[in-house]
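Here's the structure, in structure tokens; my notes come after.
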Protein chains: 2
Amino acid sequence: MIEQNTDLRMIRTRKFIIDSFIQLLEKKDFNSITIKDITSGAMVNRATFYHHFVDKFDLLEKVIKKELTSNVLKELTNIEDFNDQMLKSVFISITKFHMSLSERCQRSFDDMSVNIESILKKELEGIFFQSLQKKYQDEDNEELRITATLLSWMIYSAAVDWRLHSEKSPEDYFEYAIVSFKKLVKN
Amino acid sequence: MIEQNTDLRMIRTRKFIIDSFIQLLEKKDFNSITIKDITSGAMVNRATFYHHFVDKFDLLEKVIKKELTSNVLKELTNIEDFNDQMLKSVFISITKFHMSLSERCQRSFDDMSVNIESILKKELEGIFFQSLQKKYQDEDNEELRITATLLSWMIYSAAVDWRLHSEKSPEDYFEYAIVSFKKLVKN
DNA sequence: CATAATCTGGTGCTTAAGCAACAAAACAGA
DNA sequence: TCTGTTTTGTTGCTTAAGCACCAGATTATG
């Protein structure tokens with residue numbers, strides 16, 4: 001594993017591996033994709049894969065993060081103020097992300113869902129933590145961390161529930177959910 | 001300049017350079033394409049270009065030969081017997097090749113025509129020489145070489161004339177030309 | 001016409017990637 | 001369950017490709 005770097009060769013092989021992987025996801029399921037499949041598609045030696053990624057899961061993680069930040073969370077890069085509106089836009093982003101991913105990688109989406117979940121929750125936690133830190137500069141970091149963790153799991157669970165059970169629009173669902181939650185779990 | 005080799009890196013960069021070049025030919029004219037243009041498109045360092053090709057003309061030559069042999073002259077690979085039918089099929093191949101090339105590389109075709117001409121005539125000469133050698137095993141090689149040269153220029157000139165001036169189909173043109181020629185230049 | 005900018009072809013050194021070979025793990029199938 | 005096959009990670013050595021820099025040729029531009 002070599003760290004990121006500006007050498008043209010590294011940029012190029014990274015790109016090819018990722019492109020090949022994404023292409024494979026569109027027609028095979030994640031579990032049945034081998035490293036050899038990926039590297040053949042990328043026109044790269046199998047050993048070279050391990051110069052860039054620990055394993056298939058590491059690759060998935062990096063791809064997901066990249067997709068997420070470049071396509072979906074770009075409106076959140078300048079971390080928003082922490083409030084209900086911010087939670088809503090994060091929720092919407094995740095649902096969008098799930099939709100586009102499940103559409104592009106039908107075969108693989110279920111395979112990968114547990115991995116995706118843990119990656120995304122970690123990402124969300126980081127986003128919430130920063131946002132909370134900005135708002136509550138004097139609070140103890142541990143409190144912030146705990147809150148960020150709980151929030152990330154809540155929002156993610158909402159996104160999963162929406163995908164599996166809801167007919168509402170993401171926006172409506174979120175409004176409905178937040179009202180319900182606040183009503184039933186009175187602070 | 002390194003010779004052909006089975007190393008994956010060499011195969012890959014060759015392919016990328018050639019692909020990039022062909023892509024550029026479709027939108028720019030040959031003369032205005034720089035090595036940097038080619039290597040940028042190929043995601044390859046400029047110096048690497050010179051590991052594979054002497055210059056732009058060398059690249060063109062290799063591309064033309066490759067295209068020619070892989071797409072057009074494939075029916076001639078098992079060298080045919082030397083006769084009028086063989087001349088005709090070579091002629092047709094060249095006209096086809098010119099057509100597809102000028103269609104794909106409108107901007108560049110005129111730019112490159114002198115280069116293409118010399119490459120193709122050399123190729124034709126080789127084809128005719130082999131074919132003659134097969135038919136006239138006892139003749140002096142110099143006689144065969146001279147004949148092959150003359151034939152290659154003749155056929156090529158016919159292809160050029162057809163492209164510039166004729167409304168006939170390549171087949172009709174060839175029949176017409178061969179009859180005319182034989183009539184006017186009685187052996 | 002001059003001169004700045006770009007392009008060419010080349011060099012020396014460094015580094016990513018290829019290759020082959022390996023043991024261990026995972027899988028498949030009788 | 002045993003047994004052969006495939007896949008996975010890893011390693012040592014070799015080589016293609018990257019990079020930076022060069023001088024000379026071409027091409028633009030005022």
Side-chain angles (χ1 to χ4, degrees), chain A residues 1-25 27-63 66 107-108 110-112 114-115, chain B residues 1-25 27-63 66 107-108 110-112 114-115:
Chain A
M1 267 283 286
I2 305 167
E3 66 197 62
Q4 186 97 308
N5 169 329
T6 60
D7 188 297
L8 180 54
R9 284 172 296 187
M10 303 214 69
I11 295 169
R12 195 182 52 208
T13 39
R14 266 186 100 83
K15 173 176 159 45
F16 290 151
I17 289 173
I18 289 175
D19 288 353
S20 166
F21 177 58
I22 290 174
Q23 218 181 312
L24 282 167
L25 282 180
K27 56 182 183 222
K28 295 185 76 172
D29 30 75
F30 180 74
N31 288 331
S32 70
I33 294 173
T34 69
I35 308 295
K36 186 73 199 136
D37 291 338
I38 297 168
T39 55
S40 303
M43 293 193 75
V44 162
N45 192 280
R46 196 170 60 81
T48 307
F49 177 91
Y50 298 100
H51 294 175
H52 293 267
F53 305 99
V54 175
D55 56 22
K56 212 168 45 162
F57 302 95
D58 183 41
L59 170 60
L60 176 66
E61 182 176 330
K62 282 164 180 161
V63 170
K66 193 173 162 249
R107 311 279 320 274
S108 296
D110 291 339
D111 267 10
M112 302 187 294
V114 288
N115 306 299
Chain B
M1 266 284 285
I2 305 167
E3 68 197 64
Q4 186 98 305
N5 182 325
T6 59
D7 188 297
L8 180 52
R9 287 170 294 186
M10 304 213 69
I11 295 168
R12 197 182 50 207
T13 43
R14 265 186 101 83
K15 173 176 159 46
F16 290 152
I17 289 172
I18 289 174
D19 288 352
S20 166
F21 177 58
I22 290 174
Q23 220 181 311
L24 282 167
L25 281 180
K27 55 183 182 219
K28 293 184 77 172
D29 29 75
F30 180 73
N31 289 329
S32 70
I33 295 172
T34 69
I35 309 296
K36 186 70 199 140
D37 291 337
I38 298 167
T39 55
S40 304
M43 292 193 76
V44 162
N45 192 278
R46 196 171 61 83
T48 306
F49 177 90
Y50 298 101
H51 293 177
H52 294 266
F53 306 98
V54 175
D55 55 22
K56 215 169 44 163
F57 303 95
D58 183 42
L59 170 59
L60 176 66
E61 182 176 330
K62 282 164 179 161
V63 170
K66 195 174 162 247
R107 312 277 319 275
S108 296
D110 290 339
D111 268 11
M112 302 187 295
V114 287
N115 306 299

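These values consider heavy atoms only, across backbone and side chains, with no hydrogens, waters or symmetry-generated copies.
- A straight line from CG of A/Asn5 to P of D/dA17 spans 18 Å, rounded to a whole angstrom.
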Requested in this report: Take B/Ser32 and B/Asp29 through the side chain to side chain donor-acceptor pair (under 3.5 Å) test and state the conclusion after the steps.
Outcome: CA-CA 6 Å; B/Ser32 70; B/Asp29 29 75; 3.0 Å; yes
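- Rounded to an integer number of Å, the gap from A/Ile35 CD1 to C/dG18 C1' is 17 Å.
- Comparing A/Leu8 and A/Val54, the nucleotide of DNA chain D nearest to each residue sits closer to the 5' end for A/Val54.
- Contacts of B/Arg12 with the nucleic acid, taken as non-hydrogen atoms under 4.0 Å apart, involve only primed sugar atoms and P, OP1 or OP2.
- Of the side-chain N and O atoms in A/Tyr50, one or more sit less than 4.0 angstrom from OP1 or OP2 of D/dG9.
- Between the side chain of A/Arg9 and the base of D/dA17, a donor-acceptor pair under 3.5 Å is found.
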Query - Chi angles and distances behind the ring pair (Phe, Tyr, Trp, His ring centres under 6.0 Å) call for A/Phe16, B/Phe16 - result: CA-CA 12 Å; A/Phe16 290 151; B/Phe16 290 152; 5.2 Å; yes
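- Panel note: side chain A/Ser108, backbone A/Lys28; a donor-acceptor pair is recorded below 3.5 Å.
- Listed nucleotides: C/dA17, C/dG9, D/dA20. Nearest to the side chain of A/Met10: C/dA17.
- When distances are taken from the side chain of B/Ala47 to each of C/dT11, C/dC19, C/dT8, the shortest belongs to C/dT11.
- If you measure from atom CZ of A/Phe16 to atom P of C/dA16, you get 17 Å, rounded to the nearest angstrom.
- Rounded to whole Å, the distance from CG on B/Asp37 to C1' on D/dT27 is 14 Å.
- The nearest whole Å value for the distance from the CZ atom in B/Phe49 to the P atom in C/dC7 is 14 Å.
- Using cut-offs of 30° and 60° for the angle between ring planes, the A/Phe57 and A/Phe30 rings count as perpendicular.
- Backbone-only contact: B/Thr6 has heavy atoms under 4.0 Å from sugar-phosphate atoms and none from a base.
- A sub-4.0 Å separation between OP1 or OP2 of C/dC19 and a side-chain N or O of A/Asn45 is present.
- Applying the 4.0 Å criterion to OP1 and OP2 of C/dG10, one finds that B/His51 has every side-chain N and O outside that range.
- A donor-acceptor pair is defined here as one N or O able to donate and one able to accept, closer than 3.5 Å; no such pair exists between the side chain of A/Arg46 and the backbone of A/Lys36.
- B/Arg14 has its CZ atom 18 Å from the C1' atom of C/dG18, to the nearest Å.
- Considering only side-chain N and O atoms, A/Arg46 lies nowhere under 4.0 angstrom from the phosphate OP1 or OP2 of D/dT10.
- In this structure, A/Asp58 atom CG and D/dT10 atom C1' are separated by 16 Å, rounded to whole Å.
- Whole-Å rounding puts the A/Met43 CE to D/dA17 C1' distance at 15 Å.
- Comparing C/dA17, C/dA16, D/dG9 by their nearest atom to the side chain of A/His52 picks out C/dA17.
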